[in-house]
Amino acid sequence: MELRLFNTLTKEKEPFAPLDPARVRMYVCGPTVYDFAHIGNARPVIVFDVLYRLLRHLYGEGKVKYVRNITDVDDKINARAAEEYPKLPLNEAIRLVTEKTEKQFHEDVDALGCLRPDVEPRATEHIGEMRDLIERLVKSGFAYVEQEHVLFEVGKMSDYGKLARRSLDEMEAGARVEVAPYKRNPMDFVLWKPSKPNEPGWPSPSGIKTPGRPGWHIECSAMSWKHLGETFDIHGGGIDLVFPHHENEIAQSRCSFHTPIMAKTWMHNGFLQVEGEKMSKSLGNFVTIRELLTDWKGRGWPGSVVRLAMLKTHYRQPLDWTTDRLVESDVQMGVLKNTVRIANPDRGAIIPEVVAALADDLNSHLALSALMKRGNDSNDVAKTGLWLGLFKEEDFKIGRDHAAGIKTAVQEALEKVASDLVDARNAARANKDWKESDRIRDELKAMGVVIKDNKDGTTTWEIAR
RNA sequence: GGCCACGUGGCGGAGUGGUUACGUAGCGGACUGCAAAUCCGCGUACCCGAGUUCGAUUCUCGGCGUGGCCUCCA
């Protein structure tokens, strides 16, 4: 099956061919760990999780390497640490903030059914690689040292701006901010900057005496290099990262290694709004993953429902996050769960139409349509839903145990009670005592058991969703 | 101001130069003592204007609207 992906570099959907099919390599920009991740952060995590699953399916599980970084050096982190732990030394406070936030992030995205990447490198563990890259750039003339800063000189790179499709002239004309005095060109960007005495700092490159810290972009160049090599296949993130972040990553990496590309395919997910408005703290419509899972609009939403709600829209389209979207996803998830309630994924196969839809630039909505199509074999739906991350293995534990004849004491007791009541109700029905029959059904309902009178005359029951 | 994306039925949303998915909601029906679940049927949409064309929702140009980037940001 041919995989086609939209490449921001060429603005075209193109056939995907890995540099090395035995080692498919993908890098996605991960979170800056200073606060709960919000629903906008969840979008790329879910989207690229689906791509990761698809790549593993197409090339083999052991053949794909997925790297998603954790940014643990950043001014926002420093500010948050000082605010939350004013009495601790800053470095210790920073460690507490980043560790806590990283744990929260993992809990949240696990709940959304996302697989962990193969490597989750931390910026602070790659300062050496960053210094190495910076030294290379200075030596080869792409970067310069000025007032203890190291800056990348954009004018030295002939096709700077290619990803964002902007020429230097256009960008300078649009520059609205004050230009720092140490910059040769207004668009030059920081690779390394000096730290104040109370800030985190590391030995500086290129003969700078004062300890310093990295600029924002260099960490991704360093970590992708360390874990994926000088060039790799896919680099992903939110569309807002195209400029300047990804443009600058490309500049750093290509000029360090003198390569024509950094990543072959650049993929960017579209932005998300909340109830038709831009999500922002000032509007008060900021939605964190944690809120969604526990209490948003009066209830908690299962991770699978959030995942489904996210994948209903193609990843490059803008997405409006609304209650209606979640309610509909909840209904659909209920239908899916009902379909697979006695299914066994081990006996099913991944539905080819679902894979085909995803292989066409991750058309997740069409894939979901194929999954929910009437008449699908329930074992196939189970297998495919599991593969898509919509179901978890434990969703099928009861079905499997049931098939294997394993029951817990609680289940046995429940079954005894329920089957006695069902028998009593059927006896009442045989006497056309509808009042008693309905009373027993209500009693069962109160216990969380739903009755179904089947067409063949039998009566079955199940635990209410 | 510069660059870019998007605009499809009540809602979500795919797709296509001509035959107009699918889901959800709604309505009608089958099945039921009544329910639940399931199944069947119905609705007939593509921002506006101009152009290309035998024919455009689909291509081109212009407009309007929404959003993004240009500054930390998924």
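Residue numbers start from 1 in every chain, and the chains themselves are labelled A, B, ... in the order their sequence lines are given, proteins ahead of strands.
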Asker: Between the base of B:rC34 and the side chain of A:Asp453, is there any donor-acceptor pair under 3.5 Å?
Answerer: yes

Asker: Tell me: CG of A:Asn269 to P of B:rA74, nearest whole Å?
Answerer: 11 Å

Asker: Measuring only the P atom in each nucleotide, how far is B:rG9 from B:rU57? A whole number of Å is fine.
Answerer: 14 Å

Asker: From the set B:rG23, B:rU38, B:rG12, return the single nucleotide nearest to any side-chain atom of A:Thr313.
Answerer: B:rG12

Asker: Considering only B:rC34, B:rG7, B:rA74, which nucleotide approaches the side chain of A:Leu272 most closely?
Answerer: B:rA74

Asker: Using a distance-only test with no angle check, is there a side-chain donor-acceptor pair under 3.5 angstrom linking A:Tyr34 and A:Asn78?
Answerer: no

Asker: Counting the atoms with a prime plus P, OP1 and OP2 as sugar-phosphate, which does A:Arg425 contact under 4.0 Å by heavy atoms, base, sugar-phosphate, or nothing?
Answerer: base

Asker: Which of the following nucleotides, B:rC6, B:rG67, B:rC22, is nearest to the side chain of A:Gln317?
Answerer: B:rC6

Asker: Rounded off to whole Å, could you give me the CZ-to-P distance for the A:Phe243 and B:rC69 pair?
Answerer: 13 Å

Asker: Quick check on B:rA35: is either OP1 or OP2 less than 4.0 Å from any side-chain nitrogen or oxygen of A:Trp434?
Answerer: no

Asker: Who passes ring pair (Phe, Tyr, Trp, His ring centres under 6.0 Å) against A:Phe391, sequence neighbours left out?
Answerer: A:Phe396

Asker: Between B:rG7 and B:rU16, how far apart are the two P atoms, rounded to whole Å?
Answerer: 13 Å

Asker: When you measure only distances, ignoring hydrogens and angles, does the side chain of A:Glu328 come within 3.5 Å of the base of B:rG23 through a donor and an acceptor?
Answerer: yes

Asker: Quantified in whole Å, what is the P atom distance between nucleotide B:rC22 and nucleotide B:rU44?
Answerer: 15 Å

Asker: Check this one for me: any side-chain N or O of A:Asn338 less than 4.0 Å away from OP1 or OP2 of B:rU38?
Answerer: yes

Asker: Verify whether one side chain among A:Thr101 and A:Arg80 offers a donor that lies under 3.5 Å from an acceptor in the other.
Answerer: no

Asker: Could you check whether A:Phe271 and the base of B:rG67 form a stacked pair, meaning centres closer than 5.5 Å and planes differing by less than 30°?
Answerer: no

Asker: With rounding to the nearest 0.5 angstrom, report the CD to NE2 distance, A:Glu247 to A:His217.
Answerer: 10.5 Å

Asker: Using a distance-only test with no angle check, is there a side-chain donor-acceptor pair under 3.5 angstrom linking A:His365 and A:Gln317?
Answerer: no

Asker: When Watson-Crick pairs (N1 to N3 and N6-O4 or O6-N4) and G-U wobble pairs (N1-O2 and O6-N3) count only below 3.5 Å on both distances, what is the dot-bracket string of RNA chain B, with | for other-strand pairs?
Answerer: (((((((..(((.....[...))).(((((.......)))))....(((((..]....))))))))))))....

Asker: Rounding to the closest angstrom, what is the interatomic distance between B:rG67 and B:rG12 at atom P?
Answerer: 16 Å

Asker: Within this structure, what is the NE2-CZ distance for the pair A:His227 and A:Arg25, rounded to the nearest 0.5 Å?
Answerer: 14.0 Å

Asker: At under 4.0 Å between heavy atoms, what does A:Lys76 touch on the DNA or RNA strands: base, sugar-phosphate, or nothing?
Answerer: sugar-phosphate

Asker: Touch check for A:Gly40, heavy atoms < 4.0 angstrom, all strands: base, sugar-phosphate only, or nothing?
Answerer: base

Asker: May I ask you to say what A:Leu366 touches in the nucleic acid, namely base, sugar-phosphate or nothing, with a heavy-atom cut-off under 4.0 Å?
Answerer: base

Asker: With a 4.0 Å limit, can you tell me whether A:Lys312 has a side-chain N or O closer than that to the phosphate oxygens OP1/OP2 of B:rG23?
Answerer: no

Asker: Taking atom P in both B:rC40 and B:rC46, compute the distance separating them and give it to the nearest angstrom.
Answerer: 28 Å

Asker: Under 4.0 Å, heavy atoms only, any strand: does A:Lys278 hit a base, just the sugar-phosphate, or nothing?
Answerer: sugar-phosphate

Asker: Could you work out which one of B:rG12, B:rG33, B:rC69 sits closest to the side chain of A:Asp438?
Answerer: B:rG33

Asker: Can you figure out which of B:rU24, B:rG68, B:rG33 approaches the side chain of A:Ile239 most closely?
Answerer: B:rG68

Asker: Among B:rU38, B:rG67, B:rC73, find the nucleotide with the atom closest to the side chain of A:Asp240.
Answerer: B:rC73

Asker: Hey, which sits more toward the 5' end of RNA chain B by its nearest nucleotide, A:Leu319 or A:Met372?
Answerer: A:Leu319

Asker: Check if the side chain of A:Arg374 and the base of B:rC39 share a donor-acceptor pair of N or O atoms closer than 3.5 Å.
Answerer: no

Asker: Over 60° means perpendicular and under 30° means parallel, so classify the ring planes of A:His149 and A:Tyr182, tilted if in between.
Answerer: parallel

Asker: Closer to the 5' end of RNA chain B via nearest nucleotide, is it A:Pro318 or A:Arg165?
Answerer: A:Arg165

Asker: Please give the distance between the P atoms of B:rC6 and B:rA56 as a whole number of Å.
Answerer: 23 Å

Asker: Within the structure shown, what part of the strands sits under 4.0 Å from A:His245 by heavy-atom distance: base, sugar-phosphate, or nothing?
Answerer: nothing

Asker: Looking at A:Arg122 and A:Glu102, is any side-chain nitrogen of the basic one under 4.0 Å from a carboxylate oxygen of the acidic one?
Answerer: yes

Asker: Is it true that atom NZ of A:Lys103 has more than 12 heavy atoms of other residues, nucleotides or ligands lying nearer than 6.0 Å?
Answerer: no

Asker: Students often get this wrong, so: under 4.0 angstrom with heavy atoms, is A:Lys11 touching a base, only sugar-phosphate, or nothing?
Answerer: sugar-phosphate

Asker: Parallel, tilted or perpendicular: which one describes the rings of A:Tyr27 and A:His235, with boundaries at 30° and 60°?
Answerer: tilted

Asker: Counting side-chain heavy atoms from CB outward, which of B:rC40, B:rC70, B:rC6 is closest to A:Arg166?
Answerer: B:rC70

Asker: Provide, to the nearest angstrom, the distance between the CD atom belonging to A:Glu219 and the P atom belonging to B:rC72.
Answerer: 14 Å

Asker: Which value, in whole Å, describes the distance between the C1' atoms of nucleotides B:rA14 and B:rA74?
Answerer: 24 Å

Asker: Taking the C1' atom of each, how far is B:rG65 from B:rG26, in whole Å?
Answerer: 29 Å

Asker: Of all the nucleotides listed (B:rG13, B:rA36, B:rA74), which has the minimum atom distance to the side chain of A:Arg325?
Answerer: B:rG13

Asker: When you get a sec, tell me which of B:rC6, B:rG15, B:rG33 is the closest nucleotide to the side chain of A:Ser437?
Answerer: B:rG33

Asker: Confirm from the modelled atom types if A:Arg43 and B:rA74 form a donor-acceptor pair under 3.5 Å, side chain to base only.
Answerer: no

